[in-house]
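What follows is a set of notes on a single structure, which appears directly below.
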Amino acid sequence: MRYQPADSTGLAMLLDAAMLVVRTVQRHSAMRHHDRQIAAARQTLIHLQAAYDQIAPTTVTVLARYRAPDGAVHQYARHLREVLPVYADQILTEDAWTTLTATLAAAEAAGHNPATLLRQAAHQRPLDDAKSASEALVWRIQRLGARHAPDPAAQARAAQARSPLRSSKPSAGTPGTAAVRPASDPQVTSTSRGRRG
């Protein structure tokens with residue numbers, strides 16, 4: 001699986017970012033008691049949320065068609081607990097957790113370091129306003145993955161990891177080695193499905 005967003009991913013990312021901006025404006029307006037701006041922000045949020053609710057479910061489903069191997073999923077969960085200990089339990093039980101792991105695995109297959117991407121996404125802004133913390137991280141990681149290409153050495157390691165000529169199977173904890181397999185693959189276990197929440 002190439003690290004390439006689905007057709008509607010860009011729109012979902014834009015709507016998610018727009019809602020965060022409008023919520024920020026709404027908070028600042030409330031602090032200054034600007035009633036008109038608060039009302040305008042509230043109305044804008046209603047429209048943005050309606051559009052997002054139409055786009056996001058399909059996009060999340062498309063992105064989740066590929067699943068990370070069980071070992072990689074466990075590794076991502078460890079990264080999550082280290083980076084976002086307050087949100088980790090919530091994210092691990094959200095439906096979009098599978099989409100988040102698929103997004104991290106696709107980024108890793110493209111040569112990105114998943115732990116670094118997750119840390120950068122987590123530190124961009126708080127997740128308090130996010131309707132789904134895992135979905136918010138998916139969009140952030142998609143943006144980061146598209147904006148920052150991995151260095152040539154990481155790309156070479158990722159290409160080597162995907163090569164069928166390799167005689168040994170790389171460990172799931174090695175950056176750039178997570179293989180992404182379709183959700184219909186019979187090797188996908190009930191354990192990895194059960195982590196969706």
Arg119: partners by salt bridge (charged side-chain N to carboxylate O under 4.0 Å, His left out), with sequence neighbours left out: none
So which atom in [X] and which in [Y] form the shortest heavy-atom distance, rounded to 0.1 Å?
X      : Y      : answer
Ala68  : Tyr76  : CB-CE1, 4.0 Å
Leu104 : Pro114 : CD2-O, 3.8 Å
Thr101 : Thr98  : OG1-O, 2.8 Å

Min side-chain heavy-atom separation [X]-[Y] under 4.5 Å:
X      : Y      : value
Gln124 : Leu144 : yes
Leu92  : Arg81  : yes
Gln90  : Leu127 : no

Hphob cluster co-occupancy, Met31 + Val25, side-chain heavy atoms under 4.5 angstrom: no
Looking at [atom1] of [X] and [atom2] of [Y], how far apart are the two atoms once the value is rounded to the nearest 0.5 Å?
X      : Y      : atom1 : atom2 : answer
Thr116 : Glu108 : OG1   : CD    : 10.5 Å
Arg78  : Glu82  : CZ    : CD    : 8.5 Å
Leu100 : Leu118 : CG    : CG    : 6.5 Å
Leu137 : Leu117 : CG    : CG    : 11.0 Å

Side-chain atoms of residues 33-42: list all donor-acceptor pairs with protein atoms under 3.5 Å, sequence neighbours left out, distances to 0.1 Å.
none

All side chain to side chain contact (heavy atoms under 4.5 Å, CB included) counterparts of [X], not counting sequence neighbours:
X      : result
Asp128 : Tyr87, Pro126
Gln54  : none
Gln43  : Ile46, His47
Ser132 : Glu94, Ala96, Ser134, Glu135

